[in-house]
> 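A single structure is presented below for examination.
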Amino acid sequence: QKGGHKHFMIKEIFEQPKVIQDCLCGRLGTDLDEVRLPELDDLPGTPKRIHVVACGTSYHAGLWGMYLLEQWARIPVQVEIASEFRYRNPILDPDTLVIAISQSGETADTLAGIKLARSQGLKVLGLCNVVGSSVARESDAVLYTQAGPEISVASTKAMCSQLTALLLLALYWGHGNGNLDEKIHRDVVHGLRNLPDLLESTLPALRDKAHELARTFSDVNSFLYLGRGLHYPLALEGALKLKEISYIHAEGYAAGEMKHGPIALIDPKFPTFAIAPDDELFPKVKSNLVEVQARSGQIVALTNVGLDLDVPHRWDVPRATGPLSTFLALPALQLFAYEVADYLGKDVDQPRNLAKSVTVE
Ligand code: F6R
């Protein structure tokens, strides 16, 4: 059942190249230059505004999607934790599309958010993994994320599929409404086609490095994860993965928020995990890391070969086209959490106090 792996979690992390492939299947075939999403035919065209409602890892996927949907399709997006959304009497405009993201499709707060939106006349698009689940049934249209069954309580491949689906939506709407630059569209489509192979060939080295780093950092009490832009939601996700399976406290922060508080915590026993790939925000992240180093903080940095960054634990991953770098950073974060938890002998697939699907609020 675990396909020769020690845990479902590691099996599912290694399934991610296929998950991307399956999520693209029929939506971006080798013969297609444009994204096809017939599932959206039941909705009234490109939305004027989007409200994303989700919990946990699915919420982090939604935050990531916001950056791309706003940048490429120029559609204003608000992302909200479902348990906040449902109780705060939100002001909802019927022109707004609600995107409800849920792996299980059974999360009580997300379902309540869907019902609230629909009761006020809004259309809901479910981004969901489990076919026929409650989220799928309660939504006006469903984009299945095609990740296959996820057994490990900590979500890994499901997030990868949610990000793929959100990327397809941003390409689809951005191309459709003319806001997405043709060259970016072409380059990303090309990059997406090669992404499963690139990830497949990179995963073994990512695991080796995660294994090595886990031995260096498994005795710390706390970790700070930093990222900017698209990599800020990944910092949140990296921290969530570490805390839920290794029980090491971790906090994800937007790197620019460092000097607004968390920098006070930095000392040699409080390491920072930075996501610092080659993008326009790299110089900003780099300067945040200089400040961490000046306070004797240890640093692990996920970055790209050739970038000028001098930190004690540099983790070079291959370059990918624009936002596709996320699909290499995400498994690195998952693998680091996995290797730490496994090294510490934790129950990786069934962490204490957690359930796979949260059907009560
Ligand atoms: C974290 C995790 C949870 C879920 C959250 C939402 O690894 O699995 O944070 O992401 O409970 O679940 P779904 O996506 O099923 O609505």
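This structure is a prediction, so every number in the text was calculated from the model and none was measured. Whatever order the structure lists ligands and atoms in, that order sets their numbers, starting from 1. FYI, the numbering just counts along the sequence from 1.
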> For S357, state whether at least one heavy atom is located under 4.0 Å from any atom of ligand 1.
no
> Hey, which atoms in ligand 1 end up nearer than 4.0 Å to a heavy atom of A154?
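Listed by number with element: 7 (O).
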> Give me the nearest non-hydrogen protein atom to atom 3 (C) of ligand 1 as residue plus atom name, then the distance to 0.1 Å.
T57 N, 4.1 Å
> In sequence, state the C-alpha distance, the side-chain angles, and the governing distance for E15 and K11, and then conclude on salt bridge (Lys or Arg N to Asp or Glu O under 4.0 Å).
CA-CA 6 Å; E15 280 171 358; K11 170 174 176 268; 3.0 Å; yes
> Could you tell me whether E244 approaches ligand 1 through its side chain, its backbone, both or neither, with non-hydrogen atoms closer than 4.0 Å?
side chain
> Which ligand 1 atoms are under 4.0 Å away from a heavy-atom of S155?
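Near S155, the atoms of ligand 1 are 7 (O), 8 (O).
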> Could you tell me which atoms of ligand 1, counted from 1 in the order shown, lie closer than 4.0 angstrom to a heavy atom of S58?
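Reading through ligand 1 atom by atom, the close ones are 10 (O), 13 (P), 14 (O).
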> Any donor-acceptor pair under 3.5 Å linking the side-chain atoms of S133 with those of E106?
no
> If you have a sec, work out which protein heavy atom is nearest atom 12 (O) of ligand 1 and how many Å separate them, to one decimal?
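Going by distance alone, atom 12 (O) of ligand 1 is nearest to T107 OG1, 3.5 Å.
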> Side chains of L166 and L127: does their closest heavy-atom pair fall under 4.5 Å?
yes
> Within the 4.0 Å heavy-atom shell around S102, which atoms of ligand 1 are there?
13 (P), 14 (O), 15 (O), 16 (O)
> I'd like to check whether T110 has a polar contact with ligand 1, where a contact means an N/O of the residue lying under 3.5 Å from an N/O of the ligand.
no
> Among all protein heavy atoms, pick out the one at the shortest distance from atom 5 (C) of ligand 1; state its residue, atom name and that distance to 0.1 Å.
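Going by distance alone, atom 5 (C) of ligand 1 is nearest to C55 O, 3.7 Å.
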> Is it true that, when you exclude H249 itself, more than 12 heavy atoms of the residues, nucleotides or ligands shown sit nearer than 6.0 Å to its NE2?
yes
> So how far is it from I114 CD1 to L125 CG, rounded to the nearest 0.5 Å?
9.5 Å
> Any idea which protein heavy atom is nearest atom 11 (O) of ligand 1, and the distance to it?
V358 CG2, 4.0 Å
> Quick check on K241 - does any of its heavy atoms sit under 4.0 Å from an atom of ligand 1?
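The answer is yes: ligand 1 sits under 4.0 Å from a heavy atom of K241.
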> Taking N or O atoms only and a 3.5 Å limit, does S104 qualify as a polar contact for ligand 1?
yes
> So, Q162 versus S58: side-chain donor-acceptor pair below 3.5 Å or not?
yes
> Within a 6.0 Å radius of atom NZ on K18, are there more than 12 heavy atoms belonging to other residues, nucleotides or ligands?
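No - once you tally the heavy atoms of other residues, nucleotides and ligands closer than 6.0 Å, there are 12 at most.
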> Please tabulate, for the side chains in residues 312-323, all donor-acceptor contacts under 3.5 angstrom to protein atoms that are two or more places apart in sequence or on a different chain.
residue : atom : partner : partner atom : Å
R314    : NE   : D316    : OD1          : 3.0
R314    : NE   : D316    : OD2          : 3.3
R314    : NH1  : L307    : O            : 2.9
R314    : NH1  : L309    : O            : 2.8
R314    : NH2  : N304    : O            : 3.0
R314    : NH2  : L307    : O            : 3.0
R314    : NH2  : D316    : OD1          : 3.2
R319    : NE   : D278    : OD2          : 3.1
R319    : NH1  : V305    : O            : 2.7
R319    : NH2  : D278    : OD2          : 3.0
R319    : NH2  : V305    : O            : 3.2

> Run through K241, E237, Q16 and flag the one making a side chain to side chain donor-acceptor pair (under 3.5 Å) with Q334.
Q16
> Determine, using heavy atoms of V153 and all atoms of ligand 1, whether some pair is separated by less than 4.0 Å.
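A heavy atom of V153 does come that close to ligand 1.
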